[in-house]
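Order of the sequence lines fixes the chain letters, A, B, ..., with proteins taken first and strands second; residue numbering starts at 1 for each chain.
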Amino acid sequence: MAKPTQTNISSLLKPIWGWITKGITPYIILVVYLAISSFLVFNSPRSLPAFLMFVSSVVLLYYLPTKIWYKAVLGVLIIFVIIPIVGVRNIFYLEIIFQICVFAALALGLNILTGFTGLLSFGYIAFYAVGAYLWGFFGGQQMFLLHAIPGSAGPPGKFFLPADTFYLFLFLGFGLAFLVGILLGLPVLRVRGDYLTVVTLGFGEVIRLLATNMDKPLNLTNGPQGISPIQRPTLPEPLLQALRVVLNPIVGHEVTLNEFYNLFFYLLALAIAVVIIIVTVRLDDSKLGRAWIAIREDELAAASMGIPLVTTKLIAFAVAASFAGIMGVIFSASRMFVSPESFIFMQSIGVLTMVILGGLGSIPGVILGAAIVVIINLGILTDLSIYLGELRQSDKVIPIINFAWKNLSSQLDPAKYQRLVFGIILILMMIYRPNGILPAKRRARAIEEHFVELNNNNNEKEAENGAA
Amino acid sequence: MALLETKKVVKRFGGLTAVDRMDFTLEEGRIVSIIGPNGAGKTTFFNTLTGIYKPEEGEIVFDGHPLIGLRPDQITSLHIARTFQNIRLFGNMTVIENIIVGMYPRQRQSAFDALLRTRAFKDEEKSAQDKAIKLMKYVGLGNVGNELARNLPYGAQRRIEIARALASDPKLLLLDEPTAGMNPHETDEAIALFRRIRDELGITILLIEHDMRVVMNISERISVMDYGVKIAEGKPEEIRSNPQVIEAYLGRGAIAEMTAS
Amino acid sequence: MERIIKSTVLRELLRPLGQIVAFVLGTGVILSILMFLISLIANKSAASLALIERNGIDLFTYTLINLPQVLVDGMALGFVYAAIALGYTMVYGVLEFINFAHSEIFAMGAFIGVELLLALNAAEKLSNITVATAFGWLFVAILAGMAASGITAVLIERIAYRPLRGAERLVPLISAIGVSFFLQDAIRLTESLTSGQFHRIFPTFGNFDERVSVLSFNVASTQMILDIPIKSLVVIVVAILMLVGLNYLVNATKLGKAIRSVAQDRNTASLMGINVNFVISMTFLIGGSLGGAAGVLYALKFTRIDPFVGFMPGIKAFTAAVLGGIGNLTGALLGGIVLGMVENFAGAYLGVFTMGNFGVEYKDLISFLILILVLIFRPSGLLGEQVSQKA
């Protein structure tokens, strides 16, 4: 039913796409589009459309066919120049980009589990919690509060470990989550299908409940209030001074330490997300990745091809968990705070929504999915909330039904209606586009040449037949 | 020495004995068939050979290795490969990937090789691709390497399954009704292919088949199963005239009719 | 002939009653004995000494005094779980899929029932009324909750599940979780727009908050009083009536036969002239209305509801369904009772026995652990047959 319209659109787009991808045109389009959108975001830092235009320029950069060096130059320009400048002018957008990086990494992890290996998990966020609480405990002051009832003792005023052990804990978070992935994976893999999904949900909730309740007998997690403060790694002061000299005049205000930290965590999350993308792409096209997908497609056939099911699934669990673990460490450091609230069931489903929206098993898909969901959550819904708040302050009324905005319930805050959005996305995607916005594609190999001879033979045969 | 030998293999499902004290010997380099009516336990026997089912009793020895208690993937590593009665390809992978998955037990790369894209990794992937192309041509597939397996017609899917099985360098190839659903022309091609696999590659073939034309045409020996029990064994001409076999296939009274007519 | 029919009717009504009594007694006795043993063993422990210092009684006496209350509360909770679990298990039996949205179907019933009572309360229909009228209005609220939940369940199936029949197994599961999330916020949105807040409180009316003394006697110089809140009694009685009714419906009516045949084999059932879509809709209707009634009962017992109220009871009821053997109606009943009892025992005694180190807050954790352990070690449940799972 939906097919004819799709072909119509694509046939309409084809000549346009042909035109904009020819010769030097994409080079010009990219640089012009990027310049305009950057200028717009720079000039009106509060405009969401300008920001969306800017984000779309990144997507365009990925898809328009240009030489790789050109993409690299523009990419470096965007990452190290444009985003820092517009980001410091409106720190909120830097936050969005930071979260896109974090959630893209999480979505890529869940994608290995659910997209590649076909193991639907409703408890993935637990691994994120493992990393976050690891640094929360060791990077905070909790070690000195082990015997204190939450909230009763004053802050000890000192941290257990030096702040720069953070970098070490990135690896430890990775490693610990990897181990937890295997430990949880072992029992979970005894069950299959729907039950596996429920068991993962169970484990996800168990981890959250442990985080909530392990404030006694030993106060490990500080209970529902969570752990705060948590250290951030130190930034070298001379470097900040130098950067201030450059940045201050451009952004028009004195850049604060917090803004520098936002920049730092953005770059760190981006760097790790890039590493994770490379890891995922490379694993996907290897013996291990093929084994994962084979298991998803047909477990019995996969086993009969010599793939050890348990080991291969466990590796999927461990790798997926480790991505979340490392991002958890970054998350708790960047917030300087960690609490069970961040690891509720809804967060697991949020990451799942990203994967489903983008396309199960599709690497560019899940990254796009993460970007869309984060922008909906932080950008669009929040903007709507602010807009409604303004209307509520005003004397305006909705014309026809004569409803005064003032009377609108203050409970109606669109930013809190993520469940509604996730729910609708999930249902609609399942009914109309179960493969996502950018369905997974397998790599096409250059093998034409090997069959040329064969084709020629066939042609000759046909020619002979024709002659006869 | 026999390549494959089973002794008194028993597989039960609840009260039903699907395979009953099966003794079976397969010499290297042969093409042998197992036939029998529907539900005779042929596929169950295959599944006990490949480790999908664990037999309750008996021994299975392949090439000097006891197979009982091994998982399917371990058994495949010992150079046994199989195809399935209802084709089980990896539908959303390309044809060439399907075949490369078949090489899984022979590939040596580790995940770190894959991450670092080492020379060894690249060499292995290149040779895997070359081997896959060779196999595609060997089983008579055209330039469909980049197509998704699920998008290909039935006949091609059967060929891909055989290529995938061959990719694991088997000594023994188990084919479960490989010509089911084929037209006579395709069937002839398939028979020729099986012969070539044995003659050129030296692979022993054990097949389950319903189509008597195929069985009689290709098999050097035939075993007949009925109700989980092996009721006869021998050369095709011996089987053709064995009254027990005719009875199993056509029911009691068939022999009387045949002799009468 | 008439006699045979009568005896079938009687049997189908008596059998579930017998089962209920057996399950309640069995679970109650086993858990009580277990508790007594533990309390005897731990009677000289630090926990016991601390208790003597604080309250003047040792652990054993503490266990004894609290036991009747724990048992009754556990029973009430268990029947609520059982009523919800039946919805999961019926849908699983027919479609082999976990209806994650069932927890919100339950919440829907709770909200409609409570909203109705609140509206009546606002219209001053609930003040100064006789006990009989109060029960009458409660009954109406339960019916309204059942209707709302039943219809919601049917609509969900029609919109979000039916188009996906025959798709891969992950697909309807994801859709179900989507429906669940959508409904949570849809309820919240409606409540926020209409009432300005999203949690509701069950209105106080009738004599549901009073307690009736059932018996009092002395054990070892300790006076034991068993008084039960009327609302717990209501929950137990209504739940038992529903469970018996459902059992009758499934085992002794034509529709029940159709449901069972669709559960056995959908294709064959349709070949036999059974309208499979209709039967599936009816399954959702019945399962949904049971969930809705459970929602109103839950609101009666726990008073406060919010749009996310379904999640925990939902997951626990699912645990109950799996514990009993999913797809098996009797199993759901047994699982619900066991889980409700265990949870109440844990809630009542865990804190005292561990000197407050692991308190009542761990009762949810215990339910999840039961869920995980059952799925891993006995996925067919207590009463289920050992069937190979479809992947």
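Residues A:T312 and B:Y104 meet the side-chain proximity criterion, which asks for heavy atoms closer than 4.5 Å. By the 4.5 Å heavy-atom criterion applied to side chains, B:I133 and A:I447 are counted as neighbours. Within the 4.5 Å cutoff, no side-chain heavy atoms of A:I293 are placed close to those of B:E97.
Here the options are A:R442, A:R443, A:R445, the test is side chain to side chain contact (heavy atoms under 4.5 Å, CB included), and the partner is B:I96; only A:R445 passes.
Neither the backbone nor the side chain of A:A440 comes within contact range of chain B; no heavy atoms are under 4.5 Å apart. Using a 4.5 Å cut-off between heavy atoms, B:I75 makes no contact with chain A at all. Contact annotation for B:R82: both backbone and side-chain heavy atoms come within less than 4.5 Å of a heavy atom of chain A. When heavy atoms are compared at a cutoff of 4.5 Å, B:T50 does not approach chain A at all. Contact annotation for B:A81: neither backbone nor side-chain heavy atoms come within less than 4.5 Å of a heavy atom of chain A.
Of residues 355-362 of chain A, not one residue has a non-hydrogen atom less than 4.5 Å from any non-hydrogen atom of chain B. For a heavy-atom cut-off of 4.5 Å, chain B lies close to A:V279, A:V281, A:R282, A:L283, A:D285, A:S286, A:K287, A:L288, A:R290 in residues 276-290 of chain A.
Highest contact tally toward chain A, considering only B:M136, B:K134, B:Q129, B:R106, is held by B:Q129 [criterion: heavy-atom pairs under 4.5 Å].
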